Protein chains: 2
Amino acid sequence: MSKRLTIKDIARLSGTGKSTVSRVINQQGDVHPQTRQRIEAVIKQHQFIPSRSARAMRVNESRVIGVILARLDSAAENQAVSAMLPLLYQYGYDAMVLESRFSTTKVTEHLQVLGQREVDGVILFGFTGLTTGMLAGWENKLVLMVQSCRGFSSVCYDDAGAVNLLASHLQQLGHRNISYLGVNEEDKTTGGDRYRAYLSACQQLKLTPLAALGSLDYHSGYDLAAQVCTDETTAVICATDTLALGVYKYLRQNPQKNIQVAAIGNTPLLGFLFPDVVMLEFGYATAGKLAARQLIAHLSRAAPVRSFLLKGKLTSDF
Amino acid sequence: MSKRLTIKDIARLSGTGKSTVSRVINQQGDVHPQTRQRIEAVIKQHQFIPSRSARAMRVNESRVIGVILARLDSAAENQAVSAMLPLLYQYGYDAMVLESRFSTTKVTEHLQVLGQREVDGVILFGFTGLTTGMLAGWENKLVLMVQSCRGFSSVCYDDAGAVNLLASHLQQLGHRNISYLGVNEEDKTTGGDRYRAYLSACQQLKLTPLAALGSLDYHSGYDLAAQVCTDETTAVICATDTLALGVYKYLRQNPQKNIQVAAIGNTPLLGFLFPDVVMLEFGYATAGKLAARQLIAHLSRAAPVRSFLLKGKLTSDF
DNA sequence: CTGTTAGCGCATTCAA
DNA sequence: TTGAATGCGCTAACAG
């Protein structure tokens with residue numbers, strides 16, 4: 001169990017000085033080709049790996065970016081994360097993943113930990129309750145997802161547009177009694193924004209609204225389904241694919257009701273089990289890549305703060 | 001944008017020496033209560049946060065543990081991860097998460113990256129194809145999940161026991177024609193082990209086996225369902241909850257068939273949508289915690305290499 | 001109990 | 001083109 005080698009050892013073994021080795025490793029400055037080769041040979045031979053923490057301390061740059069997601073088991077979020085990881089690796093960053101579970105306290109704690117680790121940047125999946133104050137000090141090295149916030153770059157979803165698109169699509173399909181199953185307005189985006197969009201869509205399309213708001217899980221979808229599946233209802237828009245699953249369960253138990261279900265989200269499972277669903281997805285992978293790209297841009301040269309708004313796309317076959 | 005403070009600054013500001021500050025921070029050694037208070041006050045006042053990388057370099061311990069999972073979007077895996085993160089935090093570790101996507105090359109790469117980062121330990125979610133060679137050098141600081149391997153601690157699932165339990169349970173329920181829908185034997189545990197367990201269970205219970213093997217996704221479950229849902233079949237065991245979803249889709253399209261579905265897994269969704277399913281779950285959260293605990297034990301004092309075998313538990317209401 | 005000192009492994013001047 | 005010297009922020013001996 002010998003100690004790990006250091007550039008000093010490499011220098012000794014290749015008969016040069018530490019700084020030359022450092023130059024070779026970081027591919028900078030002019031090094032005589034022959035010297036370089038010699039050093040590279042030694043490095044390869046001993047499988048030398050320079051210490052990150054030493055470098056980090058010296059250069060004040062850890063090449064780590066922190067990712068704070070609300071829930072590891074959210075399909076949307078882990079799709080986004082999966083998409084950005086390779087991009088980060090590619091630029092030499094590694095990701096430190098933390099879970100907030102929608103707790104602002106945890107976000108603050110995690111941000112502190114990340115600060116202590118001197119991470120170069122952070123990608124934070126927002127949720128209602130987060131305030132600007134909690135993000136103080138991270139301007140220009142933090143990209144916010146799902147939420148926007150003054151002074152921070154962000155990647156958001158066009159919630160209103162999505163509901164609109166769904167509503168008018170259903171109308172074109174001939175539906176006139178389109179109800180809505182959503183989430184408490186307490187949740188700003190998924191809850192409030194989408195619900196209001198539904199209401200205004202109804203106004204525009206001259207439909208009488210019928211809505212029920214609950215929580216995010218499918219149990220809520222199931223429980224509230226009856227309220228938005230009346231005898232007149234011909235279609236229901238679900239704020240979330242998860243909610244749609246609840247509705248489908250309800251509809252299976254009430255087979256006499258013939259209702260078109262539409263939902264925002266992209267759980268492939270939903271489309272698999274219930275092929276006649278109308279789904280609208282934002283492309284979480286795209287969102288993840290966008291966020292990563294923007295963060296990297298911020299870190300290399302001070303790129304301007306920007307907000308991206310992802311439009312939804314229908315994935316139905318109609 | 002002033003520079004970050006260092007313990008030197010804190011020492012100066014509180015009129016003491018660096019080491020005393022260090023002692024206070026690390027709560028070690030004896031420090032005069034008054035001095036301690038003074039220092040703590042200064043620290044709080046300036047929101048001083050000691051640099052991790054400096055400490056890491058000095059102590060040769062990064063307090064980071066790497067987690068290599070196969071897929072971020074696997075319910076089983078991210079449940080396990082979610083469970084171990086808090087435990088790791090609690091012990092002062094942070095997690096660096098990497099995704100292998102079932103590629104052994106990526107595992108090797110990631111392991112190298114983690115080595116460079118001088119992580120203290122690794123939790124690796126195994127898959128078929130991994131060899132001992134790839135793990136060389138990580139003995140005693142790597143816990144393997146799902147797979148076992150000489151010289152490494154591991155947390156595995158009792159695949160054979162699970163299938164057995166399921167089979168005998170179904171038999172007790174009166175089923176005599178129990179078929180099996182599984183995964184290619186190419187996949188050692190989920191594929192081979194479970195399949196063989198089914199075959200031997202049939203032998204023991206004196207049943208005639210009927211099986212079909214495919215891939216892991218629900219499409220495969222759907223495609224193969226017909227083969228294992230004959231007119232005589234009264235129950236089918238699915239190697240995976242995902243496969244069960246495929247079977248249910250098939251059964252919905254063939255309502256005349258009345259077949260009891262049983263599956264290994266714990267996607268709550270399955271039980272929600274199809275309450276009559278018989279599910280057997282291993283407790284992925286438990287597995288995650290177990291792995292984390294074992295790793296931490298290894299890191300603190302050289303705990304012996306151990307293999308944990310998680311028994312499955314029926315979650316049906318029968 | 002406390003301050004001083006000496007590195008940890010590396011990148012970066014500065015001379016050579 | 002190169003090596004020697006310096007210090008990043010911190011902990012651990014050691015000496016007071």
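These numbers come from a predicted model, not from an experiment. Values below: all heavy atoms of this structure, side chains included; hydrogens, waters and symmetry mates excluded. Each chain gets a letter, A, B and so on, in the order the sequences are listed, and its residues count up from 1.
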Peer 1: Specify the residues of residues 37-44 of chain A, ordered by number, for which at least one heavy atom lies under 4.0 angstrom from an atom of DNA chain D.
Peer 2: none
Peer 1: Identify whether any heavy atom of A:Lys8 sits under 4.0 Å from a base atom; if not, whether one sits that close to sugar-phosphate; answer base, sugar-phosphate or nothing.
Peer 2: nothing
Peer 1: Counting the atoms with a prime plus P, OP1 and OP2 as sugar-phosphate, which does B:Gln28 contact under 4.0 Å by heavy atoms, base, sugar-phosphate, or nothing?
Peer 2: sugar-phosphate
Peer 1: Assess whether atom CD of B:Glu61 is packed by more than 12 heavy atoms of other residues, nucleotides or ligands within 6.0 Å.
Peer 2: yes
Peer 1: Tell me which of A:Ile25 and B:Pro33 sits closer to the 5' end of DNA chain C, going by the nucleotide each one is nearest to.
Peer 2: B:Pro33
Peer 1: How about A:Glu99 and B:Ser82: does a side-chain donor come under 3.5 Å of a side-chain acceptor?
Peer 2: yes
Peer 1: Mind calculating the distance between CD1 (B:Ile10) and P (D:dC10) to the nearest angstrom?
Peer 2: 9 Å
Peer 1: What's the closest nucleotide to the B:Thr35 side chain, out of D:dC10, C:dT2, D:dG9?
Peer 2: C:dT2
Peer 1: Taking distance alone, no hydrogens or angles, what donor-acceptor pairs closer than 3.5 Å link side-chain atoms of residues 34-42 of chain B to residues at least two apart or in another chain?
Peer 2:
| unit_1 | atom_1 | unit_2 | atom_2 | d |
| --- | --- | --- | --- | --- |
| B:Arg38 | NH1 | B:Ser14 | O | 2.5 |

Peer 1: Whole-Å distance between D:dC10 P and B:Asn26 CG?
Peer 2: 10 Å
Peer 1: For B:Thr6, report the nucleic acid contact type (base, sugar-phosphate, nothing); a contact means any heavy atom under 4.0 Å.
Peer 2: sugar-phosphate
Peer 1: Round to the nearest Å and state the distance from A:Ile7 atom CD1 to D:dA5 atom P.
Peer 2: 15 Å
Peer 1: Could you tell me how far apart B:Arg63 (CZ) and D:dC10 (P) are, to the nearest whole angstrom?
Peer 2: 17 Å
Peer 1: Let's see if you can work this out: which of C:dA11, C:dT4, D:dC10 has an atom nearest to the side-chain heavy atoms of B:Ser51?
Peer 2: D:dC10
Peer 1: With a cut-off of less than 4.0 Å, is there a side-chain N or O of A:Thr20 near OP1 or OP2 of D:dT2?
Peer 2: no
Peer 1: Given atom CE of B:Met57 and atom P of C:dA6, what is their separation to the nearest angstrom?
Peer 2: 16 Å
Peer 1: Could you tell me how far apart A:His32 (NE2) and D:dG3 (P) are, to the nearest whole angstrom?
Peer 2: 12 Å
Peer 1: What's the CZ-C1' distance between A:Arg58 and C:dG7, to the nearest Å?
Peer 2: 15 Å
Peer 1: Figure out the NZ/C1' separation between B:Lys18 and C:dT4, and round it to whole Å.
Peer 2: 9 Å
Peer 1: When you match A:Ala54 and B:Gly17 each to their closest nucleotide on DNA chain C, which lands nearer the 5' end?
Peer 2: B:Gly17
Peer 1: What class does the angle between the rings of B:Tyr157 and B:Phe282 fall in, given that below 30° is parallel, 30 to 60° is tilted and above 60° is perpendicular?
Peer 2: parallel
Peer 1: Are side-chain N/O atoms of B:Ser154 and B:Gln147 paired as donor and acceptor at under 3.5 Å?
Peer 2: no
Peer 1: What I want to check is whether the side chains of A:Ser100 and A:His110 have a donor and an acceptor closer together than 3.5 Å.
Peer 2: no
Peer 1: Between B:Asp158 and B:Leu310 (side chain of the first, backbone of the second, donor and acceptor by atom type, cut-off under 3.5 Å), is there such a pair?
Peer 2: no
Peer 1: Regarding C:dT4, can its base be found pairing with the side chain of B:Ser19 as donor and acceptor, where the two atoms are less than 3.5 Å apart?
Peer 2: yes
Peer 1: Base, sugar-phosphate, or nothing for A:Ser53, non-hydrogen atoms under 4.0 angstrom?
Peer 2: nothing
Peer 1: Of the options D:dC10, D:dG3, D:dG9, whose atoms approach the side-chain atoms of B:Pro50 most closely?
Peer 2: D:dC10
Peer 1: With nearest nucleotide decided by heavy atoms, which residue, B:Ile49 or B:Arg23, maps closer to the 5′ end of DNA chain D?
Peer 2: B:Ile49
Peer 1: Answer with yes or no whether the side chains of A:Ser53 and B:Glu118 bring together a donor and an acceptor at under 3.5 Å.
Peer 2: yes
